[in-house]
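Computed over heavy atoms, backbone and side chain alike; hydrogens, waters and symmetry mates excluded.
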Amino acid sequence: MSGWVVVAGLGPGKETLVTPEVTAAVDQATDIVGYIPYVARIAPREGLTLHASDNRVELDRARHALEMARDGKRVVIVSSGDPGVFAMASALFEAYEAHPEFAEIEIRILPGITAMLAAAAAAGAPLGHDFCAINLSDNLKPFELVEHRLRHAARGDFAMAFYNPRSKSRPHQFTRVLEVLREECEPERLILFARAVSTPEQRINTVTLAEATPEMADMRTVVLVGNSTTRRVGPWVYTPRGVAP
């Protein structure tokens with residue numbers, strides 16, 4: 001029996017934002033692998049085994065999926081948002097590269113709607129011009145590198161999307177992020193705190209950089225920072241598509 005591995009994005013939370021392609025893959029799966037809260041979004045059914053695991057074991061999770069596919073299982077690794085944005089697609093390929101015995105396994109990556117795009121749509125179009133995404137967690141890179149990239153993105157006048165802005169174990173780091181932004185940007189720069197996007201608990205708070213405080217963010221928040229032209233129009237926030245000459 002020929003197995004396969006699919007890495008699928010479940011979107012930001014709302015079930016209607018899961019793509020039909022992802023739904024079809026989950027329906028065909030014999031096994032679901034993923035972080036505990038994401039696996040909990042998959043309805044149990046006969047013939048389907050759920051393998052939930054804790055955070056920070058991404059490589060173990062990926063290797064387990066490949067092992068099951070080698071044994072003929074149809075495995076879906078679930079991520080929130082898009083699996084290629086700070087999620088499981090990269091981890092799968094790390095495990096795949098390290099283990100040549102999995103070279104013949106069929107792999108597919110199915111895209112999803114990531115939190116920054118869902119948040120931007122809810123707010124208007126704050127990512128309407130050039131933008132970048134930065135994971136503020138220092139679990140896999142030193143915070144000095146986070147600060148370096150943040151500073152240069154601000155100097156380049158990119159709009160920015162921040163993932164994993166502030167956790168209980170590192171609340172001080174987002175304080176430093178705001179300090180760097182204030183060193184590089186004007187006080188009137190718009191910053192959006194989008195929490196629990198697309199869920200019933202969704203809350204979007206738009207303030208100026210001068211008004212922003214660290215407590216406005218947590219691990220369920222994606223933070224969007226406008227560029228120097230980002231503006232309000234009525235209840236919306238948008239970034240013009242061009243740059244004034």
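Of the residues listed (Val177, Ile134, Leu181), the one engaging Val225 in a side-chain contact (heavy atoms from CB on, under 4.5 Å) is Leu181, and it is the only one.
Between Phe162 and Leu150, the shortest heavy-atom distance links the atoms CZ-CD1, 3.4 Å. Residue Pro165 comes nearest to Asp218 through the heavy atom pair CG-O, 3.4 Å, listed as atom of the first residue, atom of the second, then distance. Between Val76 and Ala25, the closest heavy-atom pair is CG2-O, 3.6 Å. Shortest non-hydrogen contact noted between Ala115 and Val222 is O-CG1, 4.0 Å. Phe193 and Val223 get closest at one heavy-atom pair: CD2-CG2, 3.8 Å. Ala65 and Ile77 get closest at one heavy-atom pair: CB-CD1, 3.6 Å.
Applying the side-chain hydrogen bond (donor to acceptor under 3.5 Å, both in side chains) criterion to Tyr238, with sequence neighbours excluded, gives no partner residue. Checked against side-chain hydrogen bond (donor to acceptor under 3.5 Å, both in side chains), Ser137 has the following partners two or more places apart in sequence or in another chain: Asn139. Evaluation of the side-chain hydrogen bond (donor to acceptor under 3.5 Å, both in side chains) rule for Asn205 yields no partner, not counting sequence neighbours. The salt bridge (Lys or Arg N to Asp or Glu O under 4.0 Å) test applied to Asp60 returns Arg63, not counting sequence neighbours. Applying the side-chain hydrogen bond (donor to acceptor under 3.5 Å, both in side chains) test to Arg61 and every residue at least two apart in sequence or in another chain returns Ser53.
Counting only N and O atoms by type, the side chains of Asn164 and Asn135 include a donor and acceptor under 3.5 Å apart.
Salt bridge status for Arg74 with Asp27: absent, with no side-chain N to carboxylate O gap under 4.0 Å. Taking 4.0 Å as the cut-off between side-chain N and carboxylate O, Lys73 and Glu67 do not count as a salt-bridged pair. Salt-bridge check for Glu179 with Arg176: passed, with a basic side-chain N closer than 4.0 Å to an acidic carboxylate O.
The closest donor-acceptor contact from the side chain of Arg41 to the backbone of Leu10 lies under 3.5 Å. Checked by atom type and distance alone, the side chain of Thr49 never pairs as donor or acceptor with a backbone atom of Asp31 at under 3.5 Å. Judged purely by atom type and a 3.5 angstrom limit, Thr239 uses its side chain to pair as donor or acceptor with the backbone of Pro126. Checked by atom type and distance alone, the side chain of Thr19 pairs as donor or acceptor with a backbone atom of Val22 at under 3.5 Å. Remark: the backbone N or O of Ser198 is paired with a side-chain donor or acceptor of Gln202 at under 3.5 angstrom. Of the possible polar contacts, none joining the Arg203 side chain to the Glu201 backbone as a donor-acceptor pair under 3.5 Å is found. In this structure, Arg241 contributes its side chain and Gly128 its backbone to no donor-acceptor pair below 3.5 Å. Using modelled atom types, one side-chain atom of Tyr163 and one backbone atom of Met116 make a donor-acceptor pair closer than 3.5 Å.
In the hydrophobic clustering of this structure, Leu66 does not group with Leu59; members are Ile, Leu, Val, Met, Phe, Trp, Tyr whose side-chain heavy atoms approach within less than 4.5 Å, directly or through other members. Residue Val75 is not grouped with residue Trp4 when hydrophobic side chains (ILVMFWY) are merged at heavy-atom distances under 4.5 angstrom, including chains of intermediate members. Leu50 and Val33 fall into different hydrophobic clusters, where Ile, Leu, Val, Met, Phe, Trp and Tyr side chains are chained together by heavy-atom contacts under 4.5 Å. By the criterion of side-chain heavy atoms lying less than 4.5 angstrom apart, applied directly or through intervening Ile, Leu, Val, Met, Phe, Trp or Tyr residues, Trp236 is not grouped with Leu117; the two fall into different hydrophobic clusters. Linking ILVMFWY residues whenever their side-chain heavy atoms come closer than 4.5 Å, directly or via other members, places Leu209 and Phe174 in the same cluster.
Relative orientation of the Tyr38 and Tyr35 rings is perpendicular, given thresholds of 30° and 60° on the angle between their planes.
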For Asn227 and His129: C-alpha separation, side-chain torsions, deciding distance, then whether side-chain contact (heavy atoms from CB on, under 4.5 Å) applies.
CA-CA 9 Å; Asn227 71 13; His129 195 41; 4.2 Å; yes

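For CZ of Arg232, the number of neighbouring non-hydrogen atoms (other residues, nucleotides, ligands) closer than 6.0 Å is greater than 12. Within a 6.0 Å sphere centred on CZ of Arg182, heavy atoms belonging to other residues, nucleotides or ligands number more than 12.
Between Leu190 atom CG and Glu211 atom CD the span is 9.0 Å, to the nearest 0.5 Å. Annotation: the span from Gln28 atom CD to Thr23 atom OG1 amounts to 11.0 Å, rounded to 0.5 Å.
Looking at heavy atoms from C-beta onward, Glu186 lies in side-chain contact with Arg189 at the 4.5 angstrom threshold. A heavy-atom distance below 4.5 Å is not found between the side chains of Thr221 and Arg166. Phe143 is not listed as a side-chain neighbour of His172, based on a closest heavy-atom distance of 4.5 Å or more. At least one side-chain heavy atom of Met68 sits less than 4.5 Å from a side-chain heavy atom of His51. Side-chain contact between Leu178 and Ile191: present, with at least one pair of heavy atoms (C-beta onward) separated by less than 4.5 Å.
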Could you go through residues 97-112 and list every donor-acceptor pair under 3.5 Å that involves a side-chain atom there, pairing it with any protein atom two or more places apart or in another chain?
unit_1	atom_1	unit_2	atom_2	d
His99	ND1	Glu101	OE2	3.2

